[in-house]
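Source: prediction; values computed, not measured. In listed order, ligands and their atoms are each counted from 1. When reading the values below, keep in mind they use all heavy atoms of this one structure, side chains included, and skip hydrogens, waters and symmetry mates.
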Amino acid sequence: MSSPVTDATYEVRVLDVRIEHRDPFGIGTSRPRLTWRTDTYIDGWRQAAADIEIDGAVSSRIGPGCVLVDWPGAPLRSRQRATVRVRVTGTDGSHSGWSAPLEVEAALLTPADWRAEWVSPAVSMEQTALLRCDFDTPIAGDGARLHISSLGVFEAELNGSVVGDHVLDPGWTSYRSRVVAETFDVTDLLRRGRNTLGIRLADGWFRGRLGADAAAHPAHYGDRIAAIAQLDVVTDDGGASTVCRTDARWRWIHGATTRASIYDGEDHDARAEPAGWSRPEFDDTGWFDVDVIEHDVVLVPRLGPPVRRTEEVEVAEVLDSGPSDGSRLLVDFGQNLVGRLRLDVDGPRGTTIELRHVEVLESGVPNAASLRSAEATDRYTLRGGGPERWEPRFTFHGFRYATVDGWPGRFDPGDLRAEVCHSDMTRTGWFSCDDPLLERFHENVVWGMRGNFLSVPTDCPQRDERLGWTGDIAVFVPTACFLFDCAGMLRSWLTDLALEQRDDIGVPWVVPNVLDQWIGCSVWGDAAVTVPWTIYDRFGDAGVLEDQYDSMSRWADLIVGWAGGDDGDLHLEWVFQFGDWLDPTAPGDDPSAGATDKHLVGNAALCRTLDLMRRIAALLGRDGDAERYAQLHERARSSFVRSYLTADGLLTSDAQTAYAIAIAWDLLPDDLRTVAGTRLAELVRSAGHRIGTGFVGTPLVCDALCDTGHVADAYSLILQTEAPSWLGTVGRGATTVWERWDAIRADGSLHPAAMTSFNHYAFGAVADWLHRSVAGLAPDQPGYRRLRVRPLPGPGLDRAAAQHDTPYGRAEVGWERNGGHIRVSAVVPPNTTARVELPGSTTSFDVGAGRHHWDVQDPSRAVEAQR
Ligand code: BGC
């Protein structure tokens, strides 16, 4: 338990020393950057200096930095361990003691460290395999490490125990180039003498169908699934001895999981599971020899967290208990979630239980339309003879309801649990207010993120898609960076984006790319720039800009070429565009044909990208590029104005998104900005404060209204309960964010279009505005080194608050109406400052770290009083 801030035993202490964007065990970098936070009750505390100690030697004294500080010691070698401690001195002369030690350990850092070979079982698509090998080791005890990866997905067992708690390892990366190798501490599982290492192996994302073409079962990355593993034991001299590795001695047999597919689910026949197969006593006579195969994929340690089971959800209600023998059931988990079911059952050998997962009911009946061709069905055949527990290993589903067929005997709801699975990111952001529907919507956004951050950021988690759509994360990334620490996961995804992009057609629509036909387009391809920029802005990680610069400038230069090259108008015309995807007026079968011209959207995005490139190049000291992009930005902006601004100051698409992006991305001459804001407010009002935007306009429309003085209209829009609106979906029972505003229509029927997901985070991107503007907590400098405290109270809410664990510590901003006043509160973390602009005021002032309160006159009362 941590001590309260006023604990008299310390004034200043260093907490949470950490590295990069992941846990410190098995890291892939030899010079991990360090971050820590300072806990103190001294108001206005600032760090003047810090000492960093590595393995007992004070290596370095640095200045005020405490976020992603360069590794001050010698580079780590493969497997090397180091102990890091930090202490700080304040500008006021106060100082901390040493922090708790952080143990850092490197993984295998070079290909030469790998002595193992890729071993492959001869299983066909959707079949699974068990692989095993016995080995002897005279040494055990201190420091046994299993380095392991697969072409496919794996779960390892050592001497009968599952290794680690990850799900669907090694996750999905651009397998043509790189695959994650995991490092596990298996010291406690290894014993002196005979041991057995076993690996369960299935297709995962490596092989099997990916993408919406139900007929195709392409082997996207290769015909053979395979595993590679190496178990090293640390020797007395600090070296490592490999005691087991995959090679030709390994043997395999078909797994009792007779079918495993990401989209379709898993069949498991427990009768066929060889008891004790990963124990040394097991007799593997009759097993086959593996094939040793060549594969040139690069093994890399992961950059972010692994996928884990993060929560267990109980059955909320048994809706249909079926025939009296209980053999067919319909259960409701009360929440659309992503993961799979775990069952506890006791019944006759050979009984098969079938679990079908769906997101919605229509007229009380499970409706699987949102899954398209994904079968999302698991089957378990009982071994019999006592209680059994089972959960599929190699699939996941997006569901709220499940039908259960064939349950033997009486069904107790406690026998079925939903295991929620996703990349195990730390939650960092919260929002609350006095409107329960808005709070529920925010909760839906959180669930949407959890469901779609499963190894890669996906469009949706349930249907025959689940792909890393670039446009979806491009619009959602600011919200994502507030809610969870997703920097590591997104940096990994960006690495793949850079690997997959092409000099002729740009950034693929999906990363990792499994689509055959694509050509880069605006907003979606711009993820190459907007995602790293947001990671820099929210986490203070300038390294992401450096690392992605080649990727982003290749993309920017390609679209500049498409837009007309080096002189004249800079204008994208023929280029393929998804536009303001899925605005509520777009025809069901053409989501890009909404109210805003898709080329207007594309050219606005070109301006935005060039503006960011200008800033990024300047930040990185690439002055020539900064100058070039600044000129290109000006040209693109002038071309935008020439092409889309009419003589009376309106835009050629007289639609919410057109004005929202023109305002938010600063595309208009100053004098016309107000005109655009007025027109946007008129459009929003004439729509009865119902939403009129798609993927691109939705995150921006409330900002654009507020930035042009129409806060009340933004509030009416966010608090609107009539469809189409955010809260309209909540009113129709949404527990996640939908792909379409009218995924469930007024009469309760489901939208008939094939593309209707009930778990798509894109429209949840407005949550970033809730955090920054409704509650008033935003970064003013990268990584929240300076906060911007600027709540914009509006009609319909009497209080709102947000908390965010910034790299420097917990920040909080909230406000509450009280009679004719508003009380604003803020917590500014140590070593940061805040620029504060209070409601009703247009001037700002700075405050230092600490807890602050201000009482101001409620501006809405002031307006009323003047009337
Ligand atoms: C996906 C989207 C994606 C879109 C682009 C859809 O199938 O689900 O979210 O951005 O295609 O066209």
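Comparing heavy-atom distances from atom 4 (C) of ligand 1 across Phe578, Trp581, Phe695 singles out Trp581 as nearest.
Although no hydrogens or angles enter the test, the distance criterion places no donor-acceptor pair under 3.5 Å between the side chain of Gln462 and the main chain of Val358. Judged purely by atom type and a 3.5 angstrom limit, His599 uses its side chain to pair as donor or acceptor with the backbone of Glu573. Side-chain atoms of Gln501 come within 3.5 Å of backbone N or O of Ser551 as a donor-acceptor pair. Judged by distance alone, with hydrogens and angles left aside, the side-chain atoms of Asn444 form a donor-acceptor pair with the main-chain N or O of Ala734 at under 3.5 Å.
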Original post:
Under the ring-ring contact (aromatic ring centres under 6.0 Å, His included) criterion, do Phe578 and Trp509 qualify, and how do the steps go?
Top reply: CA-CA 10 Å; Phe578 284 119; Trp509 294 345; 4.9 Å; yes
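Close approach of ligand 1 to Glu739 (heavy-atom distance below 4.0 Å) involves ligand atoms 8 (O). Shown in contact with Met755 at under 4.0 Å from a heavy atom are these atoms of ligand 1, numbered in order with element: 6 (C), 7 (O). Numbered from 1 in the order shown, with element, the atoms of ligand 1 that lie under 4.0 Å from a heavy atom of Trp524 read 5 (C), 10 (O).
Note: no N/O pair closer than 3.5 Å links Trp469 and ligand 1 by distance alone.
Nearest protein heavy-atom contact of atom 1 (C) of ligand 1 is Asp459 OD2, 3.3 Å. For atom 10 (O) of ligand 1, the nearest protein heavy atom (residue, atom name, distance) is Asp472 OD1, 2.6 Å. Ranking protein heavy atoms by distance to atom 7 (O) of ligand 1, first place goes to Glu465 OE2, 2.8 Å.
A cation-pi arrangement, defined by a distance under 6.0 Å to the six-membered ring centre and an angle within 45 degrees of its axis, is present between Arg427 and Phe484.
If you take CG on Asp378 and CG on Asp264, they are separated by 10.5 Å, rounding to the nearest 0.5 Å.
When heavy-atom distances to ligand 1 are checked against a 4.0 Å cut-off, Arg463 comes that close only through its side chain, counted from C-beta outward. Of all the heavy atoms of Trp509, none lies under 4.0 Å from any atom of ligand 1, so neither backbone nor side chain is involved.
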